[in-house]
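To start, the structure itself, in structure tokens.
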Amino acid sequence: MAVGGLGQVDQTYDGSKLRVGILHARWNSKIIEALVAGAKAKLLQFGVAEENIIIETVPGSFELPYGSKLFVDKYKRLGKPLDAVIPIGVLIKGSTMHFEYICDSVTHQLMKLNFELGLPVIFGVLTCLTDEQAEARAGLIEGKMHNHGEDWGAAAVEMALKFN
Amino acid sequence: MAVGGLGQVDQTYDGSKLRVGILHARWNSKIIEALVAGAKAKLLQFGVAEENIIIETVPGSFELPYGSKLFVDKYKRLGKPLDAVIPIGVLIKGSTMHFEYICDSVTHQLMKLNFELGLPVIFGVLTCLTDEQAEARAGLIEGKMHNHGEDWGAAAVEMALKFN
Amino acid sequence: MAVGGLGQVDQTYDGSKLRVGILHARWNSKIIEALVAGAKAKLLQFGVAEENIIIETVPGSFELPYGSKLFVDKYKRLGKPLDAVIPIGVLIKGSTMHFEYICDSVTHQLMKLNFELGLPVIFGVLTCLTDEQAEARAGLIEGKMHNHGEDWGAAAVEMALKFN
Amino acid sequence: MAVGGLGQVDQTYDGSKLRVGILHARWNSKIIEALVAGAKAKLLQFGVAEENIIIETVPGSFELPYGSKLFVDKYKRLGKPLDAVIPIGVLIKGSTMHFEYICDSVTHQLMKLNFELGLPVIFGVLTCLTDEQAEARAGLIEGKMHNHGEDWGAAAVEMALKFN
Amino acid sequence: MAVGGLGQVDQTYDGSKLRVGILHARWNSKIIEALVAGAKAKLLQFGVAEENIIIETVPGSFELPYGSKLFVDKYKRLGKPLDAVIPIGVLIKGSTMHFEYICDSVTHQLMKLNFELGLPVIFGVLTCLTDEQAEARAGLIEGKMHNHGEDWGAAAVEMALKFN
């Protein structure tokens with residue numbers, strides 16, 4: 001898909017009252033870390049306080065949807081409800097069909113999760129055919145693409161505030 | 001698919017009592033703008049008042065379904081309920097599998113959204129393999145196709161009125 | 001798929017007490033009209049009264065599932081509840097991926113609609129790769145296939161009566 | 001998929017208290033009949049009484065999920081509730097995309113039906129690319145495969161009893 | 001997909017209070033047994049008591065989702081509720097389309113099952129194109145991959161404890 005548009009926000013948003021959860025898988029960790037850093041940097045730039053950016057992990061991408069639910073429930077119980085959650089995973093095509101079935105079921109469930117949780121769930125999952133594609137989208141290949149985590153951070157703030 | 005039939009309405013509809021929301025993604029913005037203009041023009045032609053055509057945006061197409069729900073909920077809260085919503089996005093095949101998973105999950109959720117929101121949710125998403133395909137369907141290539149946004153505007157009015 | 005079996009009913013059904021709705025899209029209208037005529041002819045043959053065959057339209061196939069719900073709801077409100085609904089659409093592969101996403105989401109939602117509406121929703125959608133395939137299945141190419149609309153009419157009557 | 005394992009039950013089950021419904025489509029009827037016979041033979045072998053094996057039909061495979069619900073509901077109303085249902089259909093790839101969309105929507109809905117009906121719904125649907133593949137899986141080609149209907153009969157008894 | 005990351009837990013978890021169910025299909029049994037043994041070994045290593053690792057079977061992978069529900073319900077009734085369940089199956093591509101439809105429906109339903117059961121349901125299903133791919137992922141080909149069952153055992157413990 002053409003790249004460059006998603007990061008352009010339509011207006012300034014004040015994220016200073018928001019609490020945002022980032023839940024990331026631990027596979028392909030170098031790429032994941034860059035994406036998490038990109039998301040966090042953008043959240044900070046939009047005024048989200050550092051202590052209100054809560055980062056947690058699950059083993060793999062299949063755990064992202066239910067993990068997001070448990071994550072959101074936990075912070076509700078703690079009296080510190082999240083206003084948006086950014087599940088982050090990096091899936092790369094392998095020799096079996098694992099990639100296809102995981103990508104498909106995770107994407108569908110993250111989509112539905114917006115409705116089940118009643119808060120924005122951003123699609124922070126890369127579904128790549130090669131390692132290099134994933135690295136480029138994490139901003140790890142100089143002169144190529146920007147870090148998509150930034151887009152996800154911006155989307156979380158916008159979606160949490162826009163329709164209030 | 002053969003083109004030309006969708007815009008032919010079966011009868012005249014009086015949209016003067018309707019309030020219609022257009023929610024569009026901001027990727028591929030030139031094409032999106034043309035589609036939004038086409039939808040709006042058709043709504044006006046069917047008698048929808050300009051102040052009753054409400055246009056809002058979300059970052060990308062993945063945000064269209066939940067954004068549509070938030071959009072509809074907001075205008076219900078404001079005492080100005082929408083009678084139909086037209087989510088508009090342009091997805092173009094890239095080198096990863098992002099296109100496939102986003103198209104699939106967005107289409108399924110927009111379909112279900114009709115039932116969850118209890119109002120017509122028009123499928124205003126182009127799922128193209130090339131930029132040119134998308135431009136043609138936005139009426140941007142002279143002598144090729146008509147602007148599909150017009151079909152979506154017409155469908156919104158018809159579906160909002162037909163079974164009342 | 002091998003052709004010829006679906007139209008063979010397992011026994012005679014008396015449709016004289018039934019009210020059946022046919023909801024068709026308006027794309028590819030020549031083919032649609034033939035299919036609608038085939039379904040209607042079979043309903044009449046099974047004893048459904050002409051005034052109890054109610055035909056309505058929506059713009060395209062994406063509107064068939066939610067349109068079917070609105071159609072069913074309307075006739076319930078009017079005190080003339082439908083006993084079965086036959087959504088009819090003709091989808092033909094084009095150059096974008098629109099065909100695939102519409103076919104997939106429409107099929108899944110029509111399947112679920114049986115359960116949500118609590119009445120038989122027949123799958124009257126052709127998902128063809130060429131115009132000729134669709135014409136053949138509408139009985140428009142002499143000496144080739146029978147009109148599949150007939151099968152849908154027969155299935156509607158059988159499914160509306162069989163498990164009572 | 002490698003063949004041979006499914007029919008091996010883990011222990012003996014006493015089906016003498018069970019009532020099992022077989023619902024089959026009527027397309028590709030020679031193959032269907034063999035599969036139904038295989039399922040029935042295995043049910044009898046596990047002690048299910050012949051009068052408690054109830055066989056009913058629907059036109060095509062798309063009707064299997066909602067037909068199964070109507071079938072189960074009917075026998076509940078009659079005071080003879082089913083303990084498991086085996087929907088049987090044979091889908092064979094043709095020249096349009098009908099095969100793909102029917103297979104996909106039927107499989108998903110039969111899966112969900114286990115949960116909606118609260119009883120085992122066995123996947124008795126062959127999704128074949130050729131007639132010969134279907135015949136082999138119905139035990140109709142000597143020296144090739146066993147009749148898969150037997151596996152479905154065994155699975156129905158096991159799933160109806162195992163977790164009580 | 002790149003291998004090696006999933007087994008790396010983020011911290012030590014004390015599984016000594018947990019009860020974990022393993023439900024496995026009986027197809028491709030040599031590979032299944034290795035995966036079950038790998039999952040069990042990891043559960044024991046995390047402190048889950050041997051008597052709290054409950055192993056049960058279903059005929060094939062299609063039975064895993066509903067079987068998991070029956071399994072969880074049974075142990076709730078027995079007053080020994082499970083804290084997580086690991087459904088294990090091995091699907092290998094054959095000549096028909098059975099593999100694709102089973103993989104797809106099972107993956108989606110196991111994903112949803114996390115939410116329906118309110119406890120972690122680990123994705124212990126291999127979706128392979130060849131026997132050798134499955135053997136490698138079960139740790140049966142020396143010098144190739146590790147036993148993926150270990151990852152599933154670790155994920156079960158982590159997901160059962162992490163968000164409490």
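Reckoned from all heavy atoms, side chains included, excluding hydrogens, waters and symmetry mates.
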Over all heavy atoms of both residues, which pair between [X] and [Y] is shortest? Give the atoms and the distance, please.
| X | Y | value |
| --- | --- | --- |
| E:Ser105 | D:His108 | CA-CE1, 4.0 Å |
| D:Glu158 | E:Val58 | OE2-CA, 3.8 Å |
| D:Leu110 | E:Phe62 | C-CZ, 4.1 Å |
| E:Arg77 | D:Asn164 | NH2-C, 3.7 Å |

Greatest number of heavy atom pairs closer than 4.5 Å to chain D - which of E:Met97, E:Glu56, E:Lys74
E:Met97
Heavy-atom side-chain proximity of E:Leu23 to D:Phe163 below 4.5 angstrom:
yes
Using a 4.5 Å cut-off on heavy atoms from C-beta on, say whether the side chain of D:Asn114 contacts that of E:Lys69.
no
Audit row: E:Thr57, D:Lys162, side-chain hydrogen bond (donor to acceptor under 3.5 Å, both in side chains) steps and yes/no
CA-CA 9 Å; E:Thr57 75; D:Lys162 177 161 244 170; 3.0 Å; yes
Counting only N and O atoms by type, is there a donor-acceptor contact under 3.5 Å from the side chain of E:Tyr66 to the main-chain atoms of D:Gly118?
yes
Ignoring hydrogens and geometry, is there a side-chain-to-backbone donor-acceptor pair from E:Gln109 to D:Met111 under 3.5 Å?
no
Heavy-atom count around E:Glu50 CD within 6.0 Å, excluding the residue itself: above 12?
no
Side chain to side chain contact (heavy atoms under 4.5 Å, CB included), that's the test. Do E:Tyr101 and D:Val125 meet it? Break it down for me.
CA-CA 10 Å; E:Tyr101 295 113; D:Val125 179; over 6 Å; no
Contact part of [X] toward chain D, heavy-atom cut-off under 4.5 Å: side chain, backbone, both or neither?
| X | answer |
| --- | --- |
| E:Leu64 | neither |
| E:Ile32 | neither |
| E:Glu116 | side chain |

Please look at D:Val121 and chain E and tell me whether the side chain, the backbone, both or neither of the residue comes under 4.5 angstrom of a heavy atom of that chain.
backbone
What residue in D:Leu126, D:Leu129, D:Val106, D:Asp10 has the most heavy-atom pairs under 4.5 Å with chain E?
D:Asp10
Working for side chain to side chain contact (heavy atoms under 4.5 Å, CB included), residues E:Thr96 and D:Arg137
CA-CA 10 Å; E:Thr96 74; D:Arg137 282 152 186 80; 3.4 Å; yes
If you apply the rule side chain to side chain contact (heavy atoms under 4.5 Å, CB included), what do you find for E:Asp104 with D:Thr107, and how did you get there?
CA-CA 9 Å; E:Asp104 187 49; D:Thr107 311; over 6 Å; no
